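Worksheet: one structure, shown below.
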Amino acid sequence: MTDNRKVFQVKSAMIQAAHDRILAARRNAAVHDGDLDRARPTYHVGAGWHAILDDLVRDFSEIEGLGFLAAHEKWGELRVAYLYSGDRHADVDEIEHRARDLCLTTCWYCGQPGTMRKDRWWRVRCEEHWSAE
Ligand SMILES: [Zn+2]
């Protein structure tokens, strides 16, 4: 039993250490200062949404302790990942919702006005880029 307990303790410590490393890596990766050169490689969306994300990253930098991690698309909508443990969640939500709403009317490819289409896949596209797909 003693051996089992030791194995358990060692495994727990290893899992905890791995978890701490992941958290540290996320903290290091987070962009707190509006640095677009660091933020842009994590925009996993079309170029049409990049200007919207640039504004979001700059707005995020106004909130102490808020770190932008990445952006991607899910069900045609913008999704934003960030690190935050402060108490201004309403402000963070407002910035995030503003960006998401803008993306709902902005072509993912070109940034021209677009609409959410729900044929085959859910995507926000302008007329030109919808017919090109
Ligand atoms: Zn377009």
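First listed ligand is number 1; within each ligand, the first listed atom is number 1. Residues take their numbers from the sequence shown, with the count starting at 1. The structure displayed is predicted, hence computed values, not measured ones.
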Legend entry - Listed partners of Gln16 passing side-chain hydrogen bond (donor to acceptor under 3.5 Å, both in side chains), at least two apart: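 For Gln16 the side-chain hydrogen bond (donor to acceptor under 3.5 Å, both in side chains) partners, ignoring immediate neighbours, are Asp20.
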Legend entry - side chain to side chain contact (heavy atoms under 4.5 Å, CB included) partners for Arg21, two or more places apart: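 Arg21 satisfies side chain to side chain contact (heavy atoms under 4.5 Å, CB included) with Ala17, Ala18 only.
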Inset, instruction - Determine yes or no for a side-chain-to-main-chain donor-acceptor pair under 3.5 angstrom, with Arg38 supplying the side chain and Ala29 the backbone. - result: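 Looks like yes, one N/O pair under 3.5 Å.
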Inset, instruction - State whether the number of non-hydrogen atoms from other residues, nucleotides or ligands found under 6.0 Å of Glu127 atom CD is greater than 12. - result: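 Incorrect, the count does not exceed 12.
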Legend entry - Linked, directly or transitively: Leu104 and Trp75 (ILVMFWY side chains, under 4.5 Å):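 They do share one cluster, since a chain of ILVMFWY contacts under 4.5 Å joins Leu104 to Trp75.
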Got a list of side-chain donor-acceptor pairs under 3.5 Å for residues 53-64, not counting sequence neighbours?
from  : atom 1 : to    : atom 2 : distance (Å)
Asp54 : OD1    : Arg40 : NE     : 3.2
Asp54 : OD1    : Tyr43 : OH     : 2.8
Asp54 : OD2    : Arg40 : NE     : 3.4
Asp54 : OD2    : Arg40 : NH2    : 2.6
Asp55 : OD1    : Arg58 : NH1    : 3.1
Asp59 : OD2    : Arg98 : NH2    : 2.9
Ser61 : OG     : Arg58 : O      : 2.6

Inset, instruction - Starting from the Zn ion (ligand 1), count all protein N, O or S atoms within a radius below 2.8 Å. - result: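 Considering protein N, O and S only, the Zn ion (ligand 1) has 4 within range.
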